[in-house]
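Here is the structure we will look at, set down as structure tokens.
Hydrogens, waters and symmetry mates are skipped; everything else that's a heavy atom, side chains included, is used. A note on names: the letters A, B, ... follow the listed sequences, proteins ahead of strands, and every chain is numbered from 1. Please read all numbers here as calculations on a predicted model, not as lab measurements.
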Protein chains: 2
Amino acid sequence: MATRTRHTDRRGDALSKERIVEAAVDLLDEAGESGLTFRVLSAQLKTGPGAIYWHVANKSELLVAATDAVLAGVLAADPAGATPENAIREVALGVFDAIDAHPWIGTQLARVASQSAALRIFERLGRQIQALGVPETAHFDAASALLNYILGVAGQNAANARSQDPGTTRLDVLGAESELWASLDPAEFPFTRTVAPQLRDHDDREQFLAGVDLILGGVTGLR
Amino acid sequence: MATRTRHTDRRGDALSKERIVEAAVDLLDEAGESGLTFRVLSAQLKTGPGAIYWHVANKSELLVAATDAVLAGVLAADPAGATPENAIREVALGVFDAIDAHPWIGTQLARVASQSAALRIFERLGRQIQALGVPETAHFDAASALLNYILGVAGQNAANARSQDPGTTRLDVLGAESELWASLDPAEFPFTRTVAPQLRDHDDREQFLAGVDLILGGVTGLR
DNA sequence: TTGGTGGGTGGAACGACGTTCCAGCAATAT
DNA sequence: ATATTGCTGGAACGTCGTTCCACCCACCAA
């Protein structure tokens with residue numbers, strides 16, 4: 001249980017949870033979710049797996065800590081949007097961009113419940129919902145809806161990043177998927193075929209924001 | 001590549017992808033996501049791991065097939081809701097209830113992109129969006145928003161189910177989490193503390209539906 | 001009827017993973 | 001100087017997904 005109180009630095013190369021998490025984030029960013037292994041992590045830290053386990057209970061806790069570490073920066077400042085709507089968009093886009101930069105965060109957010117990172121996002125969203133002037137009874141549902149939508153997009157973005165071959169560009173992937181949609185059975189997938197061209201040219205970030213705005217529209221409609 | 005064309009049944013106990021998927025679903029339902037193993041699966045089918053690999057490429061494909069198999073039933077019939085709004089609610093609740101009954105589906109939906117099951121949900125949602133009479137340019141965004149929201153809830157429900165100890169009731173879990181929210185730092189989590197009591201008494205299914213209605217409200221607001 | 005062919009089987013084995021264990025080291029306290 | 005404690009790092013364990021391959025048996029040609 002890493003009390004870490006008495007002496008701050010017994011050796012110059014002292015291990016610490018912070019250093020471990022930092023190395024884990026680097027590894028995740030470079031090699032993806034499957035690249036984080038206690039073996040390569042301990043090699044990078046020039047130690048053995050056992051030493052890491054003295055600071056971190058298990059891999060799950062390490063992933064949570066890594067997610068928190070990255071999202072802490074994004075969620076540090078209170079949103080400065082002029083209106084509550086803009087503040088909500090700001091929070092949502094902050095999370096979106098963080099996931100875009102570190103796709104493994106998306107997997108983590110979508111997989112693990114009641115993580116402190118998710119809770120902080122929930123809090124930021126909820127405060128702005130309160131400022132929106134809708135009935136108090138709707139606050140909980142509205143904040144939850146926004147959070148779940150964001151987590152849903154997070155999971156999908158992470159899945160897309162995971163399944164993408166290193167050599168292909170964004171347009172390649174979208175183009176291929178768009179053609180797949182266009183070639184679907186017309187009887188079974190009329191709608192999906194209709195929007196196939198839009199898939200090719202759409203911007204993930206803009207569409208994400210459009211979804212936020214739809215929920216926001218529904219919330220403000222309660223006034 | 002399992003052509004499976006010429007002869008329908010070489011032996012009475014013939015293995016097939018269907019039988020494998022069926023056994024996998026049983027295993028997932030009984031033992032959870034970590035309970036599905038090629039070893040116990042092959043034991044249950046009275047064969048070896050190698051035989052399974054003749055019919056299924058890998059575990060990922062097996063999980064996709066299992067998810068599709070369960071959701072196929074839910075998505076078979078066109079929604080019979082009187083209004084497009086009700087039809088959308090019906091599709092969403094069908095998926096929600098399926099995840100409630102088989103939590104592992106939630107993990108799978110939230111994790112894997114462009115799965116055929118997700119595509120079928122998207123199609124059902126999109127058709128009803130078309131019937132809603134909103135501008136065509138908004139169809140893609142609206143259907144995506146609904147799908148992402150549903151997938152987000154799916155992932156969270158699966159995560160909740162995963163982290164729940166076998167002995168505890170729903171009220172225990174909610175009560176504990178509610179107390180945790182209530183005990184958060186008032187300076188940092190004012191909103192979350194405010195809604196803590198609502199967390200204890202809320203109904204997941206109703207809240208899910210409330211979220212769908214918020215998006216629906218935003219969409220119909222575009223008319 | 002018989003012999004060969006090949007789709008399908010199942011069990012052994014491989015490599016990698018998360019995790020545990022423990023002998024030892026380096027600072028501090030006695 | 002010695003004992004204690006916090007911490008290290010490497011070996012080892014059990015399990016997993018996956019691969020390999022010797023074998024079997026239903027079919028087909030002769």
Take B:H202 and B:D204 through the side chain to side chain donor-acceptor pair (under 3.5 Å) test and state the conclusion after the steps. CA-CA 6 Å; B:H202 90 292; B:D204 279 340; 2.7 Å; yes

Is there a side-chain contact between B:W181 and A:L119 (heavy atoms, below 4.5 Å)? yes

Please give, in whole Å, the distance from D:dT15 C1' to B:L41 CG? 16 Å

DNA chain C contacts among residues 102-110 of chain A, heavy-atom distance under 4.0 Å: none

Ion pair present between A:D100 and A:R205, side-chain N to carboxylate O less than 4.0 angstrom? no

Are B:E188 and A:R120 ion-paired here, with the side-chain N under 4.0 Å from a carboxylate O? no

A:F122 and A:F140 aromatic ring geometry - parallel, tilted or perpendicular at 30°/60° bounds: perpendicular

Using atom NE2 of A:H55 as one end and atom P of D:dC7 as the other, report the distance to the nearest whole Å. 7 Å

Write down the distance between NZ (A:K46) and P (C:dC25), rounded to a whole number of angstrom. 21 Å

Does the distance from a Lys or Arg side-chain N to an Asp or Glu carboxylate O, for A:R127 and A:D78, drop under 4.0 Å? yes

Once you round it to whole Å, what is the distance between P of C:dC21 and OH of A:Y53? 12 Å

Ion pair check, B:E90 and B:R124, cut-off under 4.0 Å: no

Using atom NZ of B:K17 as one end and atom P of C:dG7 as the other, report the distance to the nearest whole Å. 19 Å

Measure NZ/B:K59 against C1'/C:dC17 and give the value in whole Å, please. 13 Å

5'-most contact on DNA chain D: B:N58 or A:A51, nearest heavy atom basis? A:A51

From C-beta outward on B:W54, which listed nucleotide comes closest to its side chain: C:dG18, C:dA12, C:dT9? C:dT9

Give, ordered by number, those residues of residues 25-39 of chain B having at least one heavy-atom distance below 4.0 Å to an atom of DNA chain C; if nothing qualifies, reply none. B:R39

Does B:V212 reach the side chain of B:F96, with side-chain heavy atoms less than 4.5 Å apart? no

Taken to the nearest whole Å, CD1/A:I52 to C1'/C:dC21 is 16 Å

Would you check if B:L36 and B:L63 make a side-chain contact, meaning some heavy-atom pair closer than 4.5 Å? yes

